[in-house]
Amino acid sequence: MSESIGFNKLHKGVQKWIWSQKWASLRDIQEEAIEPVLDADCDIVISASTAAGKTEAAFLPACSKLIGQSPDGVGILYISPLKALINDQYRRLQGLCEILGISVTPWHGDVLRSVKIKQRKNPNGILLITPESLESLLLNQGSWCSKAFKSLCYIIVDEFHAFLGTERGCQLQSLMHRLEFLIQRTIPRIALSATLGDMKQVADSLRPNKRLPCKIIESTVSHSDLKIQLRGYLTPAQQNEETESTMDEIIGDLYKILRGKSHLVFANSRARTEEIAAKLSDLCVQSLVPNEFFPHHGSLSKEIRESLEARLQKEKLPTTAVCTMTLELGIDIGSVDSIAQVTSPHSVASLRQRLGRSGRRGEPSVLRLFIPEDEITVNSHLLDRLRVHTVQCIAMINLLLKKWYEPASLNQYHFSTLVQQTLSVIGQYGGVRAQQLWALLCETGPFSVVDQSLFAIFLRGLGENDLITQTADGQLVLGYKGEKIVEHYTFYTAFNTPEEYRLEYNGKAIGTVPIDKPLVREQHIIFAGKRWEVLFVDDENKLIGLKTAKGGKPPKFSGDGLMVHDIVRQEMRRVYSEKITPVYLNDAAKSILKEGIDNYHALNLDNKQIIQAGSTVHALPWLGDQTINTITVLLRMHGLSADCFGGIIDIRNTTINDFFSAVKHILSNTKVSPTELASLIPNTIIEKHDPVIPKELRDIGYGARSFNVDAAYSWINRLWHNHSVHRTLVTSRL
DNA sequence: GACCTGCTGCGGAGTG
């Protein structure tokens, strides 16, 4: 500690705690954060990978400051996206805060009422809270908040990257802004974030109105080494009962490679997660060894998930969790020996997060990808011929190594969350004028893209739906339906929550399944890695009883597609074009990739983006799904039956000539706006409060979120230009 | 092909 400059600026008690931890030195981000946090005159983004000491970087100086100021009320407000993370941080802060005599209070839906009552009577110290619980406090206890947070020193937001560009992130921005408005003071915000791309963008999201400058503290410590293997699997075109399915082959390999140590297997869907976990346990049973493979996903009960998290943390028994995104975020499970990824990851950012879970005690991170592809036959689709899954994985790994990550899409309208925040502000203050609402939420708050005229249309819509009503003196108050919405406990979440059935065995909670994918009596299912038969379906209580059984498949879960970014598709094209064959492919993957590259060149796709196959025209723009979707809707608008999947647009029952006459038509008409395109989409009700948003606004929001008109037109223009040049050449030769 | 997050107030049973 002797060479540390910052250390001496920390409070004696904090120093004492650091000594007791027997740290050799402070980490780079911890050292660098001390002065700006103590100065408390700007916002700060602290960015580093998991387990790099971000929490301490913020709390050590923040607690030092707190003791100096001894504020009347809550001193530090810590906001986390996960209840589990609040529980973790509560445990981690205990030791330090005991020495300092600062109280720490967790506050979320599972926290005992007695704990909350105590804090209500005597607000002080550090409050660890979720956005939803803070929403509830502002709405229901507004006057308490103005006293309790009167001398608040810091707001610390954990896992800030998880909020970027989302409805919930927009809610968080609004909550922080409303809190500052309530106490009429600017409070320094500290964001703890993974290093995923453009930190300037992160800073802009932390305080959209830029009333305080923002300092970015990024860890310079490089990630440990990375070992990669990409394993290819070929699904034969002719499958019979006896042949092993490709997934079984992958599961067999997972068993051989992973057994005996601890790993995470990411399988991209809950159904596949269940299938893999159950079949890996079967293999354990067959080999007469104790099971060490367990599923982990959002539909499993808290008890089942927590017991697996605890088992991973203890590191005593070999444990492999087959999981979805649930084990991507910062829940403390220690680190594992390796990561397995079955089928292609959805984004480079999520691949990075997953890798961060591997690499014990300076060991390299180990990533194995298990990628199935279908054997090519005369009927195979272009997607199979080009081996896009394998190539997408290679492109994503290339981008990962270049430290490129998908940027969040900011500056969205978030009308749904604007409904929630409007109702919440009116509920908090009783009655508010339209002008005051706009000034608070839009002019100075996070909804800055909503101008006064849009806001007027918005409020009219809420009035027509009886969510709000105007009193004689011009105040906006809650309407009958508005009261009902605000009173219901589901009001606090900004995101949609579809109804679900609870699954039980002998009265014990196992998990949930979506209500729109019903299970029937006597159906056999795989769930929680075990096999069950449905005993009864109680529609009234939304409860399904299970008994143990044999056989079965995982139930259906719902979900939306995930978008591949422009840059990923462009990198894929580079892989084909430059015939890149990475060293980390196994032999099967090598020959699969070679097929893809060979077919790409055989079709001359370096020079052509439009090809005819039978009565279908394929368009290959090598652009992200947002742009591809935009082009597809544009083509449909001009009478073509266009569909897209996996980055390729299929236009059925047409010819290249007809396709280009449609293209000519698109270009000779005035450019279509994203809002006009959205108006052609049959259903734009996606987000929670979309049903009460006037259609003209919903189309504006949907268009801005789903389409990239500029990129689509620029591709169509280039295509037309090349086509015309080519045609002229042909003509002149004649 | 398709992920994740979170929530109140109240009544009643159980415990010290």
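Just so we're clear, the structure is a prediction, and the values are computed from it rather than from any experiment.
- For the contact set between residues 305-312 of chain A and DNA chain B, defined by any heavy atom under 4.0 Å, the members are A:Arg305.
- Within the 4.0 Å cut-off from OP1 or OP2 of B:dC3, not a single side-chain nitrogen or oxygen of A:Ser350 is found.
- Regarding A:Asp158, its CG atom lies at a distance of 16 Å from the P atom of B:dT5, rounded to whole Å.
- Proximity note for A:Thr324 (side chain, C-beta onward) versus B:dC3, B:dT5, B:dG1: the nearest is B:dC3.
- Rounded to an integer number of Å, the gap from CD of A:Glu483 to C1' of B:dT8 is 15 Å.
- A donor and an acceptor atom, one from each side chain of A:Thr493 and A:Glu132, are nowhere located under 3.5 Å apart.
- Side-chain atoms of A:His297 lie closest to B:dC4 of the nucleotides B:dC4, B:dC3, B:dC7.
- With sequence neighbours excluded, the residues forming a salt bridge (charged side-chain N to carboxylate O under 4.0 Å, His left out) with A:Glu504 are A:Arg502, listed by chain and number.
- A:Asp625 meets the side-chain hydrogen bond (donor to acceptor under 3.5 Å, both in side chains) test with A:Arg569; sequence neighbours excluded.
- At the heavy-atom level, A:His488 lies nowhere under 4.0 Å from the strands shown.
- Taking only side-chain nitrogens and oxygens, A:Thr497 never comes nearer than 4.0 Å to OP1 or OP2 of B:dG6.
- For A:Phe557 and B:dG1, the CZ to P distance is 17 Å, given to the nearest whole Å.
- Comparing atom distances between the A:Thr130 side chain and each of B:dC7, B:dA2, B:dT5 picks out B:dC7 as nearest.
- The nearest whole Å value for the distance from the CG atom in A:Leu164 to the P atom in B:dT5 is 18 Å.
- The side chain of A:Phe645 lies closest to B:dG1 when the candidates are B:dG6, B:dG1, B:dC7.
- What separates OH of A:Tyr489 from C1' of B:dT8 is a distance of 9 Å, to the nearest Å.
- The separation between A:Gln420 atom CD and B:dC7 atom C1' is 11 Å, rounded to whole Å.
- Scored by the side chain to side chain contact (heavy atoms under 4.5 Å, CB included) test, A:Phe645 finds A:Leu383 as partners (sequence neighbours excluded).
- Distance CD1 (A:Ile86) to P (B:dG6): 8 Å, rounded to an integer number of Å.
- In terms of phosphate contacts, A:Lys83 brings a side-chain nitrogen or oxygen within less than 4.0 Å of OP1 or OP2 of B:dC7.
- The side chain of A:Glu132 lies closest to B:dC7, out of B:dC7, B:dC3, B:dT5.
- If you take CH2 of A:Trp107 and C1' of B:dT8, they are 12 Å apart, rounded to a whole angstrom.
- With sequence neighbours excluded, no residue forms a side-chain hydrogen bond (donor to acceptor under 3.5 Å, both in side chains) with A:Tyr413.
- Between A:Trp404 and A:His565, the ring planes are tilted. Angles from 30° to 60° get that label.
- In this structure, A:Glu306 has no salt bridge (charged side-chain N to carboxylate O under 4.0 Å, His left out) partners at least two apart in sequence or on a different chain.
- For A:Ser133, the side-chain atoms get nearest to B:dT8 when compared with the rest of B:dC4, B:dT5, B:dT8.
- Using a distance-only test at 3.5 Å, with no hydrogens or angles considered, a donor-acceptor pair links the side chain of A:Trp144 to the main chain of A:Arg120.
- Relative to the side chain of A:Thr490, the nucleotides B:dA2, B:dC7, B:dC4 differ in distance, and B:dC7 lies closest.
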Nucleotide by nucleotide, nucleotides 9-16 of chain B touches protein heavy atoms under 4.0 Å in the pattern (B base, S sugar-phosphate only, - none) -BB-----
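- Here A:Tyr492 pairs with A:Asn140 under the side-chain hydrogen bond (donor to acceptor under 3.5 Å, both in side chains) rule; sequence neighbours left out.
- A:Gln341 pairs by the side-chain hydrogen bond (donor to acceptor under 3.5 Å, both in side chains) definition with A:Asn268, A:Arg354, not counting sequence neighbours.
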